[in-house]
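For reference, the structure discussed in these notes is given below.
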Amino acid sequence: MRASAYLALVALAAASLLPAGSATAQDSYKIGVTAAMTGPAAATQAPVIEMLRIYVDRLNAKGGINGHQVDLLIEDDQAEPSKAAANATKLVRQEGVILLINSSFSSTYGPVIAEAKRGNVPLWFAGAVCPKETHPPKADPLLFCSTGFDFSVDIPVAVKAIKDMAKEPAKLALVGIPVPISRIGIDGAEKLAASLGMQAVDKEFVPPATADYTPFATKIKGADANWGFAYAPWPAEAKTFEALRRLGWTGQYLAYGHIQAEDELTRIADGGFEIFMANSLFQDDLPVHKQIRDAAAAGKYSFPPTYGTEGWLSGRILEQILTKTGWPASAEKVTASMSSLNLDTQGIRGGPLVWTADNHFRTKQSYRFYRYDPDKKSIVRMRDWLTVDVTD
Amino acid sequence: MSPQLIANIVVLAAIYALVSAGYVLVYRVSHVLNLAHGELMMIGAYILVATAGLFSGNPILALLLAAVSGLVMGLVVYAVLMRWLTGEAVLAAVLVTIALGILLRGLSILIWTTQQFYPAAIFGWRNPPVHILPGVQISVASLAIVALTIIVYAALFLFLQFTAWGVRMRAAGQNPLLAEQRGIRLHAVYALAWGLSTFTASLAGMLLSLDSGVESTMATIGLKAFPAALVGGLDSLFGALVGALIVAAAEIAAIQFVNPLLSDVVPFLVLLLVLAVRPWGLFGSREQLDRV
Amino acid sequence: MTNVPQAAPLLAIDDLRVAYHRVAVALHGVTLRVMPQTIVALVGNNGAGKTTALRAISGFIGVDDARVIGGSIRFAGRRIENEPPHANTARGIVLVPERDKVFPNLTVAENLTVAATRRASSAERRRLDELVFALFPALAPLRARLAGLLSGGERQMLAFGSAIVCKPELLLVDELSLGLAPVVVDDLARRVRAIRRELGITVLLVEQNVGVALAIADYGYVIESGHVVLEGPAGELRGRPEIQQFYLGLATGNQVRRYRALRERPANGPGDRRQ
Ligand SMILES: Nc1ncnc2c1ncn2[C@@H]1O[C@H](COP(=O)(O)OP(=O)(O)OP(=O)(O)O)[C@@H](O)[C@H]1O
Ligand SMILES: [Mg+2]
């Protein structure tokens, strides 16, 4: 066979592996998703969207919403702005979706927001960083966000918590990754720590796909830090900690608990590694956790069931939005429905999720703190819901 | 420079060197730049995840099986794909490796999703620190990487230098026509080069995954090791070793003394610097360059 | 070394046509026979197609982009057109190429090791190596030297040596004398005869130096622009005036460059005894 023919064949095979939009039904709720199903952001985003899909499949199996099926069109953007833009254009203009969901790196937001505004379609960030435009009191009419973490709220909570937990004066090492959100968060943490009388002795930005985290850990240890604080995607948070321990570092470490956290805490099994997070863990053993576990098993979820909490919550939000939208549906009616959301989170969060006309984010945020207890050989809750006001 | 820093350099250099060996083997024999090398390394790590799941009670068997699969993987890639490109322009072959990389990335996400896997945890292995000198600690897995890199390079050197098939591999790289005329089946030599290349890549992937797990972006490490192979001159194993040391030292010095944000770009800065002065790399042969 | 009966040719080429890049035809129907344990010379001008003929026998690889497009090549009765070189080497057809005849970055010893000899035990491999150093004693002290550093004569001896390690039945030699001093050529010529005599190896020899070729060969073919234009026992060819005139440089003042042109104008030129 000629090289060019072979090349074409291989490219074709590669292209066919990428997920394609499902068939569209005439009288269904059409929801468009552009998400990092593969690529560098997929570890955090794909589990959310897959659980959302499982939730929607279950809804449809039970007859849909208001007697109509929910058609979830999932497009992969590989965390690339150009692909996200193309996805959004296709979903809004060709598919005519009544709601757009974005779950990817924040670098993809610009073009997706632009497309949503052109088409006057509401845009919901689920499981990914919340843009400031969703925050109260001046939320953009079309932009919404349900994601558990948000650096502007998380960072002060974390730094104050370290101040409280530290038995001796904290010498703090800060760990992030070189992307804007993480950097702004870590720089903010440095300032706040100083204002609270803590010394930030080192600050590391670890690039993704680092072959060996030891060089960064060596620097932190060399700076004589006794506390570490990480605000980054989970692999960077956890691997830096593990590298520190391998160097014989004995300090304590606080990190945001992303969706992988529950499985990972058990694997790492280190009492000095604490996490804080907006979602409760399966360890809390609420009825909703059993529901998620069953849905994950029945829907053949590709990830451990504990990864599914955020996606499950997104599914419940979508269900309430569409129920209130009624039929026939339109983008305007969905936007209106979203602007008066009041969802009982069933213990996944520390309170109800409320969206109003000027708040598309939340006005109160609650956190739980956990760590692994080597004596009990299980995860223990260190602090129950700590609620803070979201003030900008 | 503290002893711990030197230990860090050695570990990172060992990782880059172990990955680079495969670039050099395939390039030296067939002048094809295998841009799917990082992905093949990642697949090697995932295969360990699979064999570890099957034989969690028998780590040695799982490791052996994964290593052998790494060898077979290269033979299959050659037989199914690259074989049909011998005699075509080198560029066509390189483009096919790019397509192969995309294919493997897609395939790995279909099979293993984007989740992080830890084969060491499946075996119930901890990865404790080892004191190699007072004040110098590295993890057991890192120590294993360094040891394995030394063994692999020594074995490859002995193989290429002193065995008939090793000499044949070198000969095929220099003059494929004359090699054929001396009775050497080029397809066999190329398949061997691919097999050894993915074998060493798989070893690297396996050990990296034992150290810090594997997930869908591991392939990027292949890209970071690439400057090491190029700095040394793509056709020289010794060059790859030295290149890996230089790149690792530069990267760690940048993290330690300049700015950790530089760690991603430093390998490529070193590469640009070296190529500006010696376009054929530190130990590569000038003549090889003309052919590309 | 061969079991082929005396009457049957070891190599029989009939109406061989070869094209480069699918279109450029370099051989237009060459027919020749090589009898076992003889030395046959193929002579002709630059670009006549001698190398192409030897390469067609030894086999092309992909990058050559060349093919046998017609006719047949039979070796010991078996057809071998368009077989890969390694397969032909395994059959016993081994080429000493015109250029790039050794691996320059390998040592002399490695250039011998490299050959993938058919059906040879390690003891036999050692014997073959020794045989090479016995045939070409000048190579013995150079074992550890890189082949790229050898002189032209040493390089040619090494090329012969590495071919002999392949256990040839038919040795194809492309340009024995190219770039070598007359003394060296004489010496090599003697060794070629020794190889045939002592090892029973059949030789097909391409040469531009017709004098040298016809001095060693038993039989000769003259090739022009991809056609065989003349053939005969070497002694007889040596005596032909047109050979003397155009290849041995014994005549002067003639404007006709090619033998074929001469043949097409039979009355032209002194001493043309062609019937
Ligand atoms: N790779 C090639 N591609 C195209 N044409 C070729 C190729 N090799 C040889 N030729 C052409 O084929 C013809 C025969 O060439 P060949 O090398 O066989 O001649 P030769 O008799 O060996 O000449 P010389 O005595 O100079 O070595 C020439 O016209 C040459 O230009
Ligand atoms: Mg020639």
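Residue numbers start from 1 in every chain, and the chains themselves are labelled A, B, ... in the order their sequence lines are given, proteins ahead of strands. The shown structure was predicted, so the numbers you read here are calculated from the model rather than taken from an experiment.
Ranked by non-hydrogen atom pairs under 4.5 Å with chain B, the options A163(C), A87(C), A116(C), C166(C) are led by A116(C). By number of non-hydrogen pairs under 4.5 angstrom with chain B, the leading residue of V165(C), V63(C), V114(C), T117(C) is V114(C). When each of P97(C), G62(C), P85(C) is scored by its heavy-atom pairs under 4.5 Å with chain B, the top score falls to P85(C). The choice from N111(C), L106(C), T113(C) that makes the most heavy-atom pairs within less than 4.5 Å of chain B is L106(C).
Stacking of R143(C) on the aromatic ring of F133(C) is recorded, both the 6.0 Å distance cut-off and the 45° axial limit being met.
A distance of 11.5 Å separates CG in L112(C) from CD in E130(C), rounded to the nearest 0.5 Å. Rounding to the nearest 0.5 Å places OG1 of T97(B) at 6.0 Å from CE of M82(B). Summarising the geometry, atom CD1 belonging to I47(B) is positioned 9.5 Å from atom CG belonging to L65(B); distances are rounded to the nearest 0.5 Å. Interatomic distance, T202(C) OG1 to L10(C) CG, rounded to the nearest 0.5 Å: 4.5 Å.
At a 4.5 Å heavy-atom cutoff, the contact between V94(C) and chain B is made by side-chain atoms alone. With a 4.5 Å cut-off on non-hydrogen atoms, A89(B) does not touch chain C at all. Heavy atoms of V102(C) lying under 4.5 Å from chain B belong exclusively to its backbone. Within the 4.5 angstrom heavy-atom criterion, only side-chain atoms of S58(C), from C-beta onward, approach chain B. Of the two parts of R55(C), only the side chain, counted from C-beta on, holds a non-hydrogen atom closer than 4.5 Å to a non-hydrogen atom of chain B. Residue A115(C) touches chain B through both its backbone and its side chain, counting heavy-atom pairs closer than 4.5 Å. For D65(C), no part lies near chain B; criterion is any non-hydrogen pair under 4.5 Å.
In this pair, Y23(B) and F226(B) present their aromatic rings tilted. The plane angle is within the 30 to 60° band. Under the 30°/60° scheme for interplanar angles, the aromatic rings of Y190(B) and Y78(B) are found to stand perpendicular.
At least one donor-acceptor pair closer than 3.5 Å links the side chain of D64(C) to the backbone N or O of I61(C).
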